Each structure stands twice: as C-alpha cells, then as structure tokens.
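The block underneath contains the structure these notes are about, expressed in structure tokens.
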Amino acid sequence: NAGVMQNPRHLVRRRGQEARLRCSPMKGHSHVYWYRQLPEEGLKFMVYLQKENIIDESGMPKERFSAEFPKEGPSILRIQQVVRGDSAAYFCASSPPVRYEQYFGPGTRLTVT
Amino acid sequence: EDQVTQSPEALRLQEGESSSLNCSYTVSGLRGLFWYRQDPGKGPEFLFTLYSAGEEKEKERLKATLTKKESFLHITAPKPEDSATYLCAVKESSGDKLTFGTGTRLAVRP
C-alpha cells in the first residue's frame, strides 16, 4: 500500500524559471492538499483540491502559483517565474472521503538560485 | 483566525525520562486536533486524531490528551528513536485545512 508520492524530491531552479511539483495521493484518496514549510517556520496551508476542482485556495499566493488535480494523473503545483523567497519544502497530503486525518508525502525541496 | 502554539520549542531528555509536550489552540469550532511526528528531511507522519475534550489516544510510549483549550503529548520512558519534531495541528468546523504549530524539537539522549 504505497503512501503519498511526490516528485521530484529535490528541485533546483534559477530565478525566473518555472517549477512543477507533482503529487500522487494514496490509493483510494480523492482529496489533495498542498502545504509549504519555510526554514524555521511551521507548515502553511496553500490549497485543497478534489478531482478537477479547487475547493479552497485561500493560502495560495495570488500571483505565479497555481494548482490542479486532473481527472487522470497526479496533482500539480506550478510556480512561475520563481524567486529566491520561493525556496522551501513543499508537502502534499491526501485524505480519503469522510476522514479528517491527512497523510503526507516526503516533500519536494525547492531551491531557487 | 486559528492559532496553534506549541511549547517548549525544544526539549532534551535523558533516555527513560518521561515528559509532556503542550499544544494550546484557539479555533472557532474544533473539528479535530492532530499530532504528527516529523524527522529531518521527511514529511510529517500521522500519529493521532482527537475530536473532543476528555478524549485520549495511546500508541506505544506516546499518549495524547485533549481539553477545551489545549492538548498534551505525554512521552513515557522515551528512547533515542523518539527524537524528532512533534507537530500539532487543528481543523476547524468550517474548513478542511490544517493549521499547524511550529513544533517541539525533542532530543532523547542515550
């Protein structure tokens, strides 16, 4: 029973490039969440998606960030024109319907040079 | 706005020395309080969910309790492998996101 999968595990981008982070939820889970963890800070909610729908994007920066969870394939968090302040660990979590606990993936560590 | 405060920020224990971690929260309608363990370079690992005041959950050397304003994670006779950061999070009744505290870094010396 594979857990939440994220790739890549490490990603280096130069300022101005695009970063694409992928997340495959646990089998049977239809809810996906993205969180960001900055150095020395706690995990911060970004966005909550179900298949083909964004349910809550209240934690997502208004510009340069977008997320999707298509009918087929993984969820994608996309960051356009990255800046140094985007360097962080990005975690994806998933949960099954009608359950509250979220299960986290190993994270993608983004470094912007 | 939901707030979660964890204390202490860091805790060093001798192997076998029991202690407790605190999580204080302010939320408009608690739907669940969650404890996670996070090892360096890894994602949070789910430990417990508590739903209502008075509830307790146990797993090996860990025991989580909940009141109307705070939760405690009690660690009994810890071992070096219990060293990690322990995170507390809440989910309020009107949303689905988790609001996390900044965690307690626990180090257990042999």
Side-chain angles (χ1 to χ4, degrees), chain A residues 1-7 9-10 21 23-26 29-50 53-60 67 69 88-111, chain B residues 1-10 21-52 55 57 59 64 66 71 84-105:
Chain A
N1 185 16
V4 177
M5 298 174 68
Q6 291 188 249
N7 65 80
R9 295 292 307 278
H10 300 273
L21 289 62
C23 168
S24 297
M26 287 178 71
H29 289 196
S30 55
H31 300 204
V32 166
Y33 310 80
W34 286 93
Y35 293 81
R36 178 164 64 175
Q37 189 171 42
L38 292 165
E40 305 304 323
E41 292 189 20
L43 282 154
K44 302 292 185 187
F45 168 79
M46 299 180 74
V47 62
Y48 162 40
L49 310 103
Q50 295 179 19
N53 282 305
I54 297 175
I55 308 301
D56 179 359
E57 56 182 349
S58 60
M60 194 90 103
F69 189 16
Y90 292 82
F91 291 97
C92 169
S94 72
S95 70
V98 202
R99 292 292 298 272
Y100 292 156
E101 56 265 20
Q102 297 175 15
Y103 296 87
F104 283 78
T108 294
R109 277 143 190 88
L110 173 65
T111 302
Chain B
E1 184 176 312
D2 300 347
Q3 282 198 316
V4 180
T5 304
Q6 292 189 245
S7 62
E9 287 187 14
L21 313 183
N22 177 264
C23 172
S24 299
Y25 64 91
T26 305
V27 64
S28 53
L30 181 71
R31 201 158 77 170
L33 184 140
F34 306 83
W35 283 98
Y36 288 85
R37 168 191 170 130
Q38 186 174 24
D39 292 293
K42 297 191 176 181
E45 175 190 345
F46 171 73
L47 294 174
F48 304 110
T49 307
L50 301 167
Y51 295 103
S52 56
E55 190 175 0
K57 293 271 180 75
K59 180 181 179 180
L66 180 65
S71 176
T85 296
Y86 289 86
L87 301 171
C88 170
V90 297
K91 180 179 285 194
E92 66 163 340
S93 56
S94 63
D96 293 279
K97 68 180 183 182
L98 295 180
T99 300
F100 280 86
T102 51
T104 294
R105 291 189 309 278

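Since we're looking at a predicted model, the values are computed, not measured. Computed from heavy atoms alone, side chains included, the values below leave out hydrogens, waters and symmetry copies. Order of the sequence lines fixes the chain letters, A, B, ..., with proteins taken first and strands second; residue numbering starts at 1 for each chain.
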Original post:
What part of Q37(A) gets closer than 4.5 Å to chain B, counting heavy atoms only: side chain, backbone, both or neither?
Top reply: side chain

Original post:
Where does Y51(B) contact chain A at under 4.5 Å (heavy atoms): side chain, backbone, both or neither?
Top reply: side chain

Original post:
Who among L98(B), V4(B), T102(B) has the most heavy-atom pairs with chain A under 4.5 Å?
Top reply: L98(B)

**OP:** Find the one option among G41(B), G101(B), G103(B) whose heavy-atom pairs under 4.5 Å with chain A are most numerous.
**Re:** G41(B)

Subject >> Approximate separation, where rounding is to 0.5 Å, of F104(A) CZ and Y36(B) OH >> reply: 5.0 Å

Original post:
How many angstroms lie between CD1 in I55(A) and CG in D96(B), if you round to the nearest 0.5 Å?
Top reply: 8.0 Å

**OP:** Taking all non-hydrogen atoms of both residues into account, name the closest pair between R109(A) and K42(B) and its distance.
**Re:** NH2-N, 3.5 Å

Subject >> Among the listed options E45(B), Q6(B), Q38(B), the residue most often paired with chain A at heavy-atom distances under 4.5 Å >> reply: Q38(B)

Original post:
Counting only heavy atoms not in Q3(B), do more than 12 sit closer than 6.0 Å to its CD atom?
Top reply: no

**OP:** Go through the steps for F34(B) and E101(A) under the test side-chain contact (heavy atoms from CB on, under 4.5 Å), then give the verdict.
**Re:** CA-CA 7 Å; F34(B) 306 83; E101(A) 56 265 20; 4.1 Å; yes

